[in-house]
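Because only heavy atoms are used, hydrogens play no part in the values below, and waters and symmetry mates are left out as well, while side chains stay in. All values derive from a computational prediction rather than experimental measurement.
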Amino acid sequence: WWLIGNPKVEQTRQSEILEHARDIVKGAQDLESIAVGYAPLAELLFPVGEIFKGGPVGLGSQRIPWDTGGLHTGGTSPVILKEAGVIFGLIGHREARDDFGEGAHLNKQIKIAIDYGIIPILCCGEPKGSLVESEAVREKDLEAELITALEGFTGQELLQGQLTIAYEPGHVIGLDQPADMGYIRSGFSLIKRILIKHNLEGLAKKGRLLYGGGVNSETIQQVWSLDRPTRVFSGENWAGFLVGRASASPDFIDMMEKW
């Protein structure tokens, strides 16, 4: 099971970020069935990577570039990410789509990640801030995000690259309460249906799925208990959680203990 932290820019001081990274390592020391990952600010990838090196926590990047280098002011390179020790990267998070126009480059970002041995975590969901109730509209929204990103790849290529899909319902991003359980279930079902529809059956059957949105130490059991013992949530694909701003606080360590 994966517990992935995306602290965004909730922490802004180097000292507190590095101290938090040390606390995460301590909290993850004795975990047997949970793999913990954490994606700090890009400016601190190297020092956090040193703290994580050889330990139980995987280093992640909040963004993946769509080119290896060149005329991209404010960008980065996958070479630098690998040198820092990055093993996974977020692609297409709603905030990155809205703030940085990342949606136009998802396909290239996935290819860069796979080419450089970085696990791509592709984020998808309905538009931020809106509760979309129509299943047909939700499927259309998710299909537009997923298929543009995955165009040209085979299911085998994506499985070998360990592509992981994180479903984040738009209306709960940044909130302290997860989506309704039925809404989450149907979201996972829609994703799998879309993948099968576009000849990505292998990914639909074996690819990892994460849930994100409103996950914290008070709600993680609420969502987790939904899956036991019947696994009706999303079949064998469900692999854990993508945690947002709660991962920037001691609450993230509490999640390890409560889960």
Query raised in the report: Should Val79 and Ile119 be counted in the same cluster of Ile, Leu, Val, Met, Phe, Trp and Tyr side chains packed under 4.5 Å apart?
Result: no

Query raised in the report: Can you list every pair that meets side-chain hydrogen bond (donor to acceptor under 3.5 Å, both in side chains) and has a residue in residues 57-75, with sequence neighbours left out?
Result: Arg63-Glu102, Asp67-His72

Query - Nearest-0.5 Å distance, CG of residue Leu3 to CE of residue Met256 - result: 6.0 Å

Report task. Would you please name every residue forming a side chain to side chain contact (heavy atoms under 4.5 Å, CB included) with Thr76, sequence neighbours left out? Result -> Pro65, Ile80, Leu81

Query - Donor-acceptor contact below 3.5 Å, side chain Glu157 vs main chain Thr154 - result: yes

**Report entry** With His171 via side chain to side chain contact (heavy atoms under 4.5 Å, CB included) - residues at least two apart
**Finding:** Leu131, Pro169, Ala179, Tyr183

Requested in this report: Drop me the distance from His105's NE2 to Ile112's CD1, to the nearest 0.5 angstrom.
Outcome: 12.0 Å

Requested in this report: Report yes if the side chains of Leu203 and Leu159 come closer than 4.5 Å at any heavy-atom pair, otherwise no.
Outcome: yes

Requested in this report: Output all residues satisfying side-chain hydrogen bond (donor to acceptor under 3.5 Å, both in side chains) with Glu151, sequence neighbours left out; order by chain, then residue number.
Outcome: none

Query raised in the report: Could you give all pairs that pass the side-chain hydrogen bond (donor to acceptor under 3.5 Å, both in side chains) test and reach residues 110-122, with sequence neighbours left out?
Result: Lys111-Asp115

Query - Hydrophobic cluster membership, Ile165 vs Ile110, 4.5 Å side-chain cutoff - result: yes

**Report entry** Verify same cluster id: Phe88, Trp2 (apolar side-chain graph, 4.5 Å)
**Finding:** yes

Query raised in the report: Does Glu135 come within less than 4.0 Å of Arg138, counting only side-chain N to carboxylate O?
Result: no

Report task. Please check if atom NZ in Lys108 has more than 12 non-hydrogen atoms from other residues, nucleotides or ligands closer than 6.0 Å. Result -> no

Query raised in the report: Do Ile51 and Ile24 belong together in a cluster built from hydrophobic side chains that touch within less than 4.5 Å?
Result: yes

Query raised in the report: Looking at Val215 and Val243, what are the two nearest heavy atoms and their distance?
Result: O-CG1, 3.6 Å

Requested in this report: Identify the two heavy atoms, one from Ile253 and one from Gly27, that lie closest to each other, and give their separation to 0.1 Å.
Outcome: CG2-CA, 4.3 Å

**Report entry** 4.5 Å side-chain heavy-atom contact, Phe252 and Asp23
**Finding:** no

Query raised in the report: In Å and rounded to the nearest 0.5 Å, what is the CD1 to CE distance from Ile34 to Met255?
Result: 11.5 Å

Requested in this report: Consider only side-chain heavy atoms of I, L, V, M, F, W and Y, link residues closer than 4.5 Å, and tell whether Ile173 and Ile121 are in one cluster.
Outcome: no

Requested in this report: Could you tell me which residues satisfy side-chain hydrogen bond (donor to acceptor under 3.5 Å, both in side chains) with Glu143, sequence neighbours excluded, listed by chain and number?
Outcome: Lys197, His198

Query raised in the report: Got more than 12 heavy atoms from elsewhere within 6.0 Å of CG, Asp30?
Result: no

Report summary line: side chain to side chain contact (heavy atoms under 4.5 Å, CB included) filter on Thr12, not counting sequence neighbours, yields Val9, Glu16

Report task. Flag yes if more than 12 heavy atoms outside Lys82 fall under 6.0 Å of its NZ atom; otherwise flag no. Result -> yes

Query raised in the report: Under the 3.5 angstrom rule, does the side chain of Asn6 hit a backbone N or O of Gly244 as a donor-acceptor pair?
Result: no

Query - From CZ (Arg185) to CE (Met181), nearest 0.5 Å - result: 8.0 Å

Report task. Let me see the working for Leu209 and Thr164 under side chain to side chain contact (heavy atoms under 4.5 Å, CB included), right down to the final yes or no. Result -> CA-CA 6 Å; Leu209 293 172; Thr164 300; over 6 Å; no

Report task. Please report the shortest heavy-atom distance between Arg97 and Gly92, naming the atom on each side. Result -> NE-O, 2.6 Å

Query - Step-by-step salt bridge (Lys or Arg N to Asp or Glu O under 4.0 Å) determination, Asp176 to Arg245 - result: CA-CA 9 Å; Asp176 295 323; Arg245 62 179 181 175; 3.2 Å; yes

Query raised in the report: Should Ile87 and Phe52 count as side-chain neighbours, where that means a heavy-atom distance under 4.5 Å?
Result: no

Query raised in the report: By salt bridge (charged side-chain N to carboxylate O under 4.0 Å, His left out), which residues pair with Lys53, not counting sequence neighbours?
Result: Glu50

Query raised in the report: Tell me, do Ile114 and Leu158 make a side-chain contact under 4.5 Å, heavy atoms counted?
Result: yes

**Report entry** Nearest heavy-atom neighbours spanning Leu210 and Ala239
**Finding:** CD2-C, 3.9 Å

Report task. Could you go through the side chain to side chain contact (heavy atoms under 4.5 Å, CB included) check for Leu163 and Leu150 one step at a time? Result -> CA-CA 10 Å; Leu163 177 87; Leu150 303 180; 3.7 Å; yes

Query - Set of residues satisfying side chain to side chain contact (heavy atoms under 4.5 Å, CB included) with respect to Leu142, sequence neighbours excluded - result: Cys124, Glu126, Tyr167, Leu190, Ile191, Ile194

Report task. Apply the test side chain to side chain contact (heavy atoms under 4.5 Å, CB included) to residues Lys192 and Leu195: give CA-CA distance (whole Å), side-chain angles for both, the deciding distance (0.1 Å), then the verdict. Result -> CA-CA 5 Å; Lys192 296 178 74 172; Leu195 295 176; 5.5 Å; no

Report summary line: In short, Lys206 meets Asn237 closest at the heavy-atom pair N-ND2, 3.7 Å

Query raised in the report: Would you find a donor on one side and an acceptor on the other, under 3.5 Å apart, between the side chain of Arg94 and the backbone of Gly125?
Result: yes

Query raised in the report: Got a sec, which residues hit side-chain hydrogen bond (donor to acceptor under 3.5 Å, both in side chains) with Glu218, two or more places apart in sequence or on another chain?
Result: Lys258

Report summary line: Smallest heavy-atom separation, Val172 atom then Gly213 atom, equals CG2-CA, 3.8 Å

Query raised in the report: Under the side chain to side chain contact (heavy atoms under 4.5 Å, CB included) criterion, do Leu146 and Leu122 qualify, and how do the steps go?
Result: CA-CA 8 Å; Leu146 285 169; Leu122 176 62; 3.9 Å; yes

Query raised in the report: Just wondering, do Leu242 and Cys123 contact through their side chains at under 4.5 Å, heavy atoms?
Result: yes

Query raised in the report: side-chain hydrogen bond (donor to acceptor under 3.5 Å, both in side chains) with Asn216: which residues, sequence neighbours excluded?
Result: Thr219

Show every donor-acceptor pair shorter than 3.5 Å between a side-chain atom in residues 35-47 and any protein atom, with sequence neighbours excluded, or say none if there are none.
| from | atom 1 | to | atom 2 | distance (Å) |
| --- | --- | --- | --- | --- |
| Tyr38 | OH | Gln11 | OE1 | 3.3 |
| Tyr38 | OH | Ser247 | O | 3.2 |

